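In what follows, every chain begins at residue 1, and chains take the letters A, B, ... in the order their sequences are listed. Bear in mind the structure is a predicted one, so any value in this text is a computation, not a measurement.
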Amino acid sequence: MRTSEFDHVKERGHPARGKCMVLGALAVQGSGASRIGFVTGRRLGSAVVRNRVRRRLREIVRKHQHDLREDFWIVLIARRDAADASYLSLEDEWLRLAKRASILAL
RNA sequence: CGAUGGCAGAUGAUCGCUGGUGAACCGCAAGGUUCGCUGGAGGAAAGUCCGAACACCAUACGGCAGCAUGCCGCGUAAAAUACGCGGGCGCCGCGGUUGAAAAAUUGCGGUGACGGAGAGUGUCACAGAAAAGACACCGCCGGUUCUUUGAGAAAAGUGCAGGCAAGGGUGAAAAGGCGAGGUAAGAGCUCACCGCUCGCGAAGCAAUUCGCGAGGCACGAAAAACCCCAUGCGGUGCAAGACAAAACAGAGGAAGGGCAGCCGGCCCGCUAAAGAUCCUCGGGUAUAGUCGCAUCACGAUGCUGUAGCGGCGGUCUCUGACCGCCGAGACUUCAUCGGGCAUUCUGCGAAAGCUGGAUGAGAUAAAUGAUCAUCCCGGCUGAGAAAUAAGCCGGACAGAAUUCGGCUUAUCGCCAUCGAAAA
RNA sequence: GCGGGCAUAGCUUAAUGGUAAAGUUCCAGCCUUCCAAGCUGGCCAUGCGGGUUCGAUUCCCGUUGCCCGCU
């Protein structure tokens with residue numbers, strides 16, 4: 001994803017806010033499999049903390065990638081609490097937000 | 001406890017990420033899918049505090065300004081004030097020796113942004129008489145006026161004009177220290193010792209040290225105040241920069257000129273570039289592509305085969321242009337082998353070093369992860385005589401972004417070597 | 001990644017190396033029937049750690065946090 005695409009999703013998409021993350025999703029017709037981008041800003045902490053949060057989020061999305069619907073652009077922004085959250089709590093929140101944004105295939 | 005050096009949990013399984021590469025399949029092609037093989041964070045990758053490589057720039061040469069560095073020698077990629085090693089000197093701590101003490105001397109350890117305050121300007125609050133060419137508060141000293149006491153000698157007090165800086169007191173700091181002579185009292189006024197400055201000689205590459213002689217105290221602190229002296233520095237930084245290329249309209253060359261504007265922090269000059277003219281042509285602008293860039297400006301071989309060249313043939317608007325075939329083919333990419341470089345291991349060697357082996361991360365919203373098992377290290381609990389079984393907790397700081405060297409800072413613990421004195 | 005700047009009271013700003021100032025906020029009192037305004041008084045600070053100095057907000061070094069510019 002490019003910077004312009006991130007901005008596009010953040011402005012036009014429907015956000016779902018949680019304790020540790022903000023999920024932005026935008027339906028794009030005919031784009032094929034859904035694409036997802038992760039945002040881990042400097043407010044989370046040092047480079048080690050940012051990498052750890054991003055890797056955990058990527059692993060969570062990878063495990064549930066077959067449940068995702070197609071034709072979506074998704075931006076996942078980590079919030080400050082994500083730095084101290086465990087893997088399991090992040091996974092719970094991801095499933096809750098994804099259900100609310102109705103990007104899961106049933 | 002301190003100093004120095006080293007390590008930075010290990011192995012396996014399953015599912016993934018990213019670079020390279022091979023095969024098969026799909027596709028006209030660009031490319032895609034599947035299955036393999038193989039590489040994949042650090043001692044600080046960090047802070048960006050110095051320096052170098054590399055790249056670009058219309059001022060890079062000279063000067064001013066500015067910045068940096070500052071005892072001496074040697075070494076490091078050239079050099080250096082950086083860094084390392086060694087030395088000198090100062091300061092601090094501890095011990096030994098001499099001594100009544102003060103102190104001196106010596107040994108060990110630590111530490112120092114360690115040129116100049118004997119070029120100049122400025123600063124030194126409060127306190128204190130005075131804070132930098134000593135203008136003296138309390139004092140000390142002799143002379144003298146007056147008063148008092150006294151038979152007198154004289155003593156005390158007071159005023160005046162002087163001499164002195166020993167003692168007291170203030171302060172962070174008070175004008176060489178200490179002893180003797182000297183004196184009305186004093187004072188480097190004189191002398192010895194110590195310190196300081198200068199000169200000469202010796203040792204040392206040098207910083208500096210030692211010895212001799214002279215001066216006669218003139219020389220407070222602070223330059224991490226301005227400044228002076230010496231030395232060095234053009235600026236910008238891989239977001240440097242190069243190439244390909246859509247939107248869109250420009251770009252290149254030649255002559256001429258030394259003038260406007262733009263343009264280094266400033267000034268002067270030199271060189272180069274550039275606009276108005278002419279000529280020619282697809283020019284080359286993006287936060288997205290490729291390279292820079294992953295050990296190498298190395299050598300050899302091999303694969304692919306491009307620009308340009310030569311030959312033959314054909315076509316046309318025919319001294320030429322275009323197309324096709326053939327020939328030899330720079331340059332570049334990739335692969336293999338060899339070599340160099342860096343890191344590391346083993347062996348030999350007193351050391352320098354030598355033989356042999358292994359390894360060489362690389363993206364661009366940015367890879368190195370998740371789960372599980374076994375073992376390892378540390379701590380706690382603990383049946384038990386003990387070794388130990390078992391359980392629980394913990395394994396830090398921290399993540400490459402052009403590369404390299406140094407510095408600084410963060411860091412759970414473990415290992416090795418050394419340690420004078422005190423505690 | 002590279003380059004540059006800032007840090008003083010709860011907030012906004014001062015301060016030739018010598019007791020850290022002012023406005024505003026807050027608290028108390030006065031004034032007013034009450035509130036506001038006004039007047040008086042009080043509380044509160046040099047980001048942190050070292051160094052130079054007799055003495056640092058100031059000078060120097062390190063460190064932490066924040067801000068800005070460059071594709």
rG27(B) - base-pair partner by Watson-Crick or wobble geometry, distances under 3.5 Å
none
Using modelled atom types and a 3.5 Å cut-off, is there a donor and acceptor pairing between side-chain atoms of R56(A) and backbone atoms of E91(A)?
no
Does the side chain of R58(A) get closer than 4.0 angstrom to OP1 or OP2 of rA365(B) through an N or O atom?
no
Does any nucleotide pair with rA321(B) by Watson-Crick or G-U wobble geometry, both distances under 3.5 Å, and what is it?
rU315(B)
Any chain of hydrophobic side-chain contacts (each under 4.5 Å) joining Y87(A) to F38(A)?
yes
Applying a strict under-4.5 Å side-chain criterion to I, L, V, M, F, W and Y, I'd like to know whether L95(A) and V53(A) cluster together.
yes
Write down the distance separating the P atoms in rC291(B) and rG20(B), rounded off to the nearest Å.
10 Å
Tell me: CZ of R52(A) to P of rA366(B), nearest whole Å?
19 Å
Pairing string of RNA chain C (Watson-Crick or G-U wobble, both atom distances under 3.5 Å; | = paired to other strand) is (((((((..((((....[..)))).(((((.......)))))....(((((..]....)))))))))))).
Output, in order, the C-alpha distance, side-chain angles, deciding distance and verdict of side chain to side chain contact (heavy atoms under 4.5 Å, CB included) for L90(A) and M21(A).
CA-CA 9 Å; L90(A) 285 175; M21(A) 64 187 86; 3.9 Å; yes
Any idea which heavy atoms bring C20(A) and A82(A) closest together, and the distance?
O-CB, 3.5 Å
Using both distances under 3.5 Å as the test, list the Watson-Crick or G-U wobble partner of rG188(B), or none.
none
Whole-Å gap separating C1' (rU371(B)) and CG (L90(A)):
16 Å
For atom CD of E59(A) and atom P of rU371(B), their distance in whole Å:
8 Å
If the P atom of rC415(B) is compared with that of rA421(B), how far apart are they to the nearest Å?
27 Å
Using purine N1 to pyrimidine N3 plus N6-O4 or O6-N4 for Watson-Crick, or N1-O2 and O6-N3 for G-U wobble, both under 3.5 Å, which nucleotide pairs with rC140(B)?
rG163(B)
With a 4.5 Å limit on heavy-atom distance, are the side chains of V61(A) and R58(A) in contact?
no
Which nucleotide in the set rG399(B), rA365(B), rG16(B) lies at the smallest distance from any side-chain heavy atom of R62(A)?
rG16(B)
Check: V22(A) main-chain N/O paired with R79(A) side-chain donor or acceptor under 3.5 Å:
no
rU364(B) and rC238(B): how far apart are their C1' atoms, nearest whole angstrom?
13 Å
Name the orientation of the base relative to the sugar in rG188(B): syn if the glycosidic angle is within 90° of 0, else anti.
syn
Tell me the partner of rA132(B), counting only Watson-Crick (N1-N3 plus N6-O4 or O6-N4) or G-U wobble (N1-O2 and O6-N3) with both under 3.5 Å; none if nothing fits.
none
Hey, does R50(A) reach any base, or is it just sugar-phosphate, or nothing, if we go heavy atoms under 4.0 Å?
nothing
Let me know the distance between CD1 of I60(A) and P of rU371(B), rounded to the nearest Å.
11 Å
Sort out the partner of rC418(B) for me: Watson-Crick or G-U wobble, both distances under 3.5 Å, none otherwise.
rG2(B)
Strictly by Watson-Crick or wobble contacts shorter than 3.5 Å, is anything paired with rC35(B), and which nucleotide is it?
rG22(B)
Rounding to an integer number of Å, can you tell me how far Y87(A) OH sits from rA370(B) P?
10 Å
Taking the C1' atom of each, how far is rG110(B) from rC233(B), in whole Å?
37 Å
Hits for side chain to side chain donor-acceptor pair (under 3.5 Å) against R96(A), two or more places apart or cross-chain, chain-then-number order -> none
Could you tell me how far rG39(B) sits from rG360(B) if I compare only their C1' atoms? Round to whole Å.
10 Å
Going by the glycosidic torsion and a 90 degree boundary from 0, is the base of rG43(B) oriented syn or anti?
syn
Residue met sooner reading RNA chain B from 5', once A47(A) and R56(A) are mapped to nucleotides:
R56(A)
What distance, rounded to whole Å, do you find between the two P atoms, one in rA77(B) and one in rG109(B)?
31 Å
When you check the glycosidic angle of rA41(B), does it come out syn, meaning within 90° of 0, or anti?
syn
For the pair R62(A) and E59(A), find out whether any cationic side-chain nitrogen is under 4.0 Å from an anionic carboxylate oxygen.
yes
Pairwise C1' distance for rC293(B) and rA239(B), with rounding to whole Å:
16 Å
What is the pairing partner of rC372(B), taking Watson-Crick or G-U wobble pairs with both distances under 3.5 Å in any strand?
rG12(B)
Most 5' of V49(A) and F38(A) on RNA chain B, judged by nearest nucleotide:
F38(A)
Rounded to the nearest 0.5 Å, how far apart are CG of L57(A) and CG of L23(A)?
10.5 Å
Between rG43(B) and rG112(B), how far is it from one P atom to the other, in whole Å?
29 Å
Looking only at side-chain N and O atoms, does R54(A) come under 4.0 Å of OP1 or OP2 in rA367(B)?
yes
With sugar-phosphate taken as primed atoms, P, OP1 and OP2 and all else as base, the protein-contact string of nucleotides 40-46 of chain B at under 4.0 Å (heavy atoms; B, S, -) is -B-----
